[in-house]
Amino acid sequence: MSDVSSSSDPTLDVVKKSWGDEESDDEVTSAPDAPEPSDGRDIVQSELKKIESLSISVDKGKDKEDDNDHSEGLLDNPEDSDIKAVTAGDTIYSAAEYFEDLNLTKDLIKGLYVEMRFQRPSKIQAISLPMILIPPYKDLVAQAHNGSGKTTCFVLGMLGRVDPKIKSPQAMCICPTRELAIQSQDVLIKMAKYTDITSFLAIPADSAYYVPIAKLPPVTDHVVIGTPGTIKKWTTARKLSTGEIKILVFDEADHMLSEDGFRDDSLRIIKEIQKNSGVRCQVLLFSATFNDNVKTFVSRVVNDANQIFVKKEDLKLEKVKQYKVYCPDEVAKIGVIKDKIFEFGQKVGQTIIFTHTRDSARTLHQTLTKDGYECTAVQGSLKQEDRDTIIKEFKNGVTKVLITTDLLARGFDQSQVNLVINFDLPVKHYFPSEPDYEVYLHRIGRAGRFGRKGAAFNLLCTDRDRAIMEKIERHFDLSVSEVVNWRSEEDFEKALQDAGLL
DNA sequence: CCCAGCG
């Protein structure tokens, strides 16, 4: 099979869905033709008519033989499931077989080979980069698997579009957390090593070194990466001009545009740029997840966008073996962490433990360190500089076990993380008996980066926990194996063996 | 709830 828009799976052949459509996987009934409440749905429907199917040739078989033999490439065919691409308008794109197909400068390509150690575009790169880099520079909504290299896509997209000779911001990337902004800039610096392109990191400063923005020089770097509040601060202080920004990226875009995320901030920034920018600004939305509510909203934010997405069943991360462990009470959960996770976790790499609140992250950390278990914890109430050091220590491998909140649920990339623990299951804050499926997927995705093996343990305690876990399994059409006895060394050992980690 | 930010 050499065509991503056609497939042996009949449901994949139909490229009729738009981002505003109902999820049609589960239900047979189509959206009614009767007048809808005026939520913009009708606009979406009419835009839908313009969308036409696209054939992108991606030779999957060839990718496999070529890439898997080389040990260096980090992007070696991390996902095998199909990606569906839908183009808007009549531009014909073909997948980039080589980076040379993308009209990039020599300096930039050198960075890809030498610094990034890339050989050929990964699947998501091959499909998305032509859409980003070839005129008319259409907007793009791109969903791709965790650990498949979304960051490299949009970073390369930004670098490919800026003119190093113009000394003002031409590309902007907005991230939900300080940690992600730093991480993306790290990638950018590496990739741009042989170019003259510079970047500016717009995140809150260390409180100790606070200098009022008014006293700082204006930003002249080509690319700005940051968090919403700080970017807003720089623009309103007139130290960051948006007039020449021609590409705007939202990392973890569904969260940036969801009602309980950063919706207002994001929209304000888009508006600000569109108001000031001389040329039309290209908007890119990247995430591993776009739930139906967000899809509806997203299709109104972008304009006539190209789309790349995968079916939700294909997102469930088969490389990360997921388990549930029934624990009689909270004390037992801590016991599992102490006796099993610390016991085995260290052998198989690094571990991230997720809790529901900042406070529970802090208390769990205190409890464990008091008893001599070596770990660190990071959450949003820490001082900025403390966050940075704890993250740095973990990325350097100095610490093996990191306790955190959903601060790190999304995007955090550390290849040595093979074990994810849901100390608390992720739930919707406004409806705590409902799982937060997106957050679940993102958390699990912290293990198994770039096709590596991994395991995840969900610690369940109450009846509610059981019900939530069942819903998660049903939603992803997943059967999560049970670690039968929470006290049993052998059960955990067996689980890790089955996951391919021991 | 989690982020983000208020100088």
Side-chain angles (χ1 to χ4, degrees), chain A residues 172-184 201-216 224-237 239-240 250-270 272 287-289 291 294 352-364 377-388 390-391 402-412 420 422-446 462 464-465 468:
Chain A
M172 183 182 284
C173 173
I174 307 174
C175 312
T177 64
R178 165 193 191 81
E179 283 70 19
L180 276 191
I182 294 171
Q183 193 174 274
S184 294
L201 188 62
I203 58 172
D206 287 3
S207 47
Y209 302 101
Y210 178 72
V211 183
I213 287 187
K215 296 190 175 171
L216 295 169
V224 176
I225 299 178
T227 45
T230 305
I231 287 178
K232 219 165 58 190
K233 219 163 91 173
W234 279 86
T235 52
T236 51
K239 296 287 184 168
L240 170 56
F250 286 94
D251 191 9
E252 307 298 342
D254 60 327
H255 189 231
M256 302 303 289
L257 293 171
S258 77
E259 217 165 350
D260 58 343
F262 295 89
R263 184 135 112 184
D264 293 348
D265 287 340
S266 298
L267 293 179
R268 202 166 305 147
I269 293 170
I270 293 179
E272 164 84 11
S287 182
T289 52
N291 73 31
V294 177
I352 297 181
I353 302 173
F354 286 103
T355 63
H356 190 48
T357 64
R358 299 169 168 192
D359 210 49
S360 48
R362 199 177 42 81
T363 11
L364 180 59
V378 65
Q379 33 84 4
S381 70
L382 295 185
K383 281 187 295 188
Q384 312 288 6
E385 47 269 46
D386 292 340
R387 285 167 67 159
D388 292 348
I390 290 166
I391 295 290
L402 179 61
I403 302 162
T404 188
T405 60
D406 285 328
L407 166 66
L408 292 189
R410 288 168 171 268
F412 182 69
V420 166
N422 281 329
F423 191 81
D424 303 309
L425 290 173
V427 293
K428 295 197 167 86
H429 74 95
Y430 52 88
F431 196 19
S433 61
E434 271 294 298
D436 190 324
Y437 301 108
E438 285 71 40
V439 171
Y440 180 82
L441 198 80
H442 283 282
R443 284 184 182 182
I444 301 301
R446 293 320 98 212
T462 60
R464 206 191 66 178
D465 288 344
I468 291 168

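Residue numbers start from 1 in every chain, and the chains themselves are labelled A, B, ... in the order their sequence lines are given, proteins ahead of strands.
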Self-check item: Segment of DNA chain B, first to last nucleotide, that comes within the 4.0 Å heavy-atom reach of chain A
Solution: B:dC1 to B:dG7
Quiz item: How would you list, by chain and number, every residue that makes a salt bridge (charged side-chain N to carboxylate O under 4.0 Å, His left out) with A:R362, sequence neighbours excluded?
Solution: A:D359
Quiz item: For A:P204, which contact category applies under a 4.0 Å heavy-atom criterion: base, sugar-phosphate, or nothing?
Solution: sugar-phosphate
Quiz prompt | Residue list, ring pair (Phe, Tyr, Trp, His ring centres under 6.0 Å) with A:F262, at least two apart or on another chain | solution = A:H255
Quiz item: From A:T235 OG1 over to A:E272 CD, what is the distance, rounded to the nearest 0.5 angstrom?
Solution: 5.0 Å
Quiz item: Touch check for A:R263, heavy atoms < 4.0 angstrom, all strands: base, sugar-phosphate only, or nothing?
Solution: nothing
Quiz item: Salt bridge between A:D206 and A:R178, side-chain N to carboxylate O under 4.0 Å?
Solution: yes
Quiz item: Do A:R410 and A:D254 pass the salt bridge (charged side-chain N to carboxylate O under 4.0 Å, His left out) test, and can you show the C-alpha distance, the side-chain angles, and the key distance before you say yes or no?
Solution: CA-CA 11 Å; A:R410 288 168 171 268; A:D254 60 327; 2.9 Å; yes
Quiz item: Across the strands shown, which category fits A:K428 at heavy-atom distances under 4.0 angstrom: base, sugar-phosphate, nothing?
Solution: nothing
Quiz item: Does atom CD of A:E259 have more than 12 heavy-atom neighbours from other groups under 6.0 Å away?
Solution: no
Quiz prompt | Sugar-phosphate only, base, or nothing, as touched by A:R410 at under 4.0 Å among non-hydrogen atoms | solution = nothing
